[in-house]
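One structure is given here, and the rest of the page talks about it.
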Amino acid sequence: MLRPLASEADLLRVQKTLGADHVVSGDPWLKRRRDSQAKVTGGDPVELAEVIRDSAHREWTLPPKGTKTQLSPGEKELFAKARQLLSNEIALARGVEPAEANAWIDEQLTRTC
């Protein structure tokens with residue numbers, strides 16, 4: 001059974017989640033991956049926003065170790081998948097292009113970082 005598209009109330013919760021000041025988890029990658037995969041598989045817009053927010057904060061707040069990114073290939077993949085799913089959901093719910101939805105996600109993230 002398909003769930004309904006996100007409502008404006010759902011998108012407000014997504015906006016609050018993306019903009020929330022959140023401490024980067026110190027959990028081992030395997031636990032974070034398991035938790036993130038469950039959220040991405042579930043497809044709930046707020047949980048997708050949590051994966052995106054946590055990945056973005058991890059990327060921006062951890063010190064570089066001689067690489068361009070702080071995310072492992074697996075983390076990057078989950079981040080990209082969550083972002084794609086959420087931007088598609090926002091685009092369909094609001095009747096906009098996915099690129100516009102992606103820009104909106106970036107806007108919410110940059111308000112806290």
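Any value given below was found using the heavy atoms of this structure, including those in side chains, with hydrogens, waters and symmetry copies removed.
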Query raised in the report: With the 4.5 Å side-chain cut-off for hydrophobic clustering, are W29 and V51 part of the same group?
Result: yes
Query raised in the report: Do any N or O atoms from the side chain of Q108 and from the backbone of W104 form a donor-acceptor pair under 3.5 angstrom?
Result: yes
Report summary line: Rounded to the nearest 0.5 Å, the CG atom of L18 sits from the CD1 atom of I52 at a distance of 6.0 Å
Query raised in the report: So, the side chain of R13 versus the backbone of V46: is there a donor-acceptor pair under 3.5 Å, distance only?
Result: no
Query raised in the report: Take atom CD in Q37; do more than 12 heavy atoms of anything else shown fall under 6.0 Å from it?
Result: yes
Query - E89 side-chain N/O to L86 backbone N/O, donor-acceptor pair under 3.5 Å - result: no
Requested in this report: Could you tell me whether the side chain of R3 reaches within less than 4.5 Å of the side chain of P45, counting heavy atoms only?
Outcome: yes
Query raised in the report: Do L11 and R94 pass the side chain to side chain contact (heavy atoms under 4.5 Å, CB included) test, and can you show the C-alpha distance, the side-chain angles, and the key distance before you say yes or no?
Result: CA-CA 10 Å; L11 294 180; R94 290 196 166 159; 3.5 Å; yes
Query - Audit row: S55, L78, side chain to side chain contact (heavy atoms under 4.5 Å, CB included) steps and yes/no - result: CA-CA 9 Å; S55 296; L78 278 171; over 6 Å; no
Query raised in the report: Okay, side chain of E97, backbone of A91: is any donor-acceptor separation there less than 3.5 Å?
Result: no
Report task. Mind checking the CG-CG spacing from D27 to D54? Nearest 0.5 Å is all I need. Result -> 10.0 Å
Report summary line: Smallest heavy-atom separation, L48 atom then G43 atom, equals CD1-O, 3.7 Å
Query raised in the report: Given side chains that start at C-beta, do those of R58 and R32 come closer than 4.5 Å, heavy atoms only?
Result: yes
Query raised in the report: Nearest heavy-atom pair of V96 and A101: which atoms, and what distance?
Result: CG2-N, 4.3 Å
**Report entry** Partner of D35 by side chain to side chain donor-acceptor pair (under 3.5 Å), out of R33, K39, K31
**Finding:** K31
Query raised in the report: Roughly how far, to the nearest 0.5 Å, is the CG atom of D10 from the CD1 atom of I90?
Result: 11.0 Å
Query raised in the report: Do side-chain atoms of R53 reach the backbone of L109 as a donor and acceptor pair under 3.5 angstrom?
Result: no
Query raised in the report: So, T41 side chain and A38 main chain: donor-acceptor pair closer than 3.5 Å or not?
Result: no
Report task. Output the distance between atom CD1 (I105) and atom OG1 (T110), rounded to the nearest 0.5 Å. Result -> 12.0 Å
Query - D106/R83 under salt bridge (charged side-chain N to carboxylate O under 4.0 Å, His left out): CA gap, chis, key distance, verdict - result: CA-CA 10 Å; D106 284 338; R83 194 170 174 114; 2.5 Å; yes
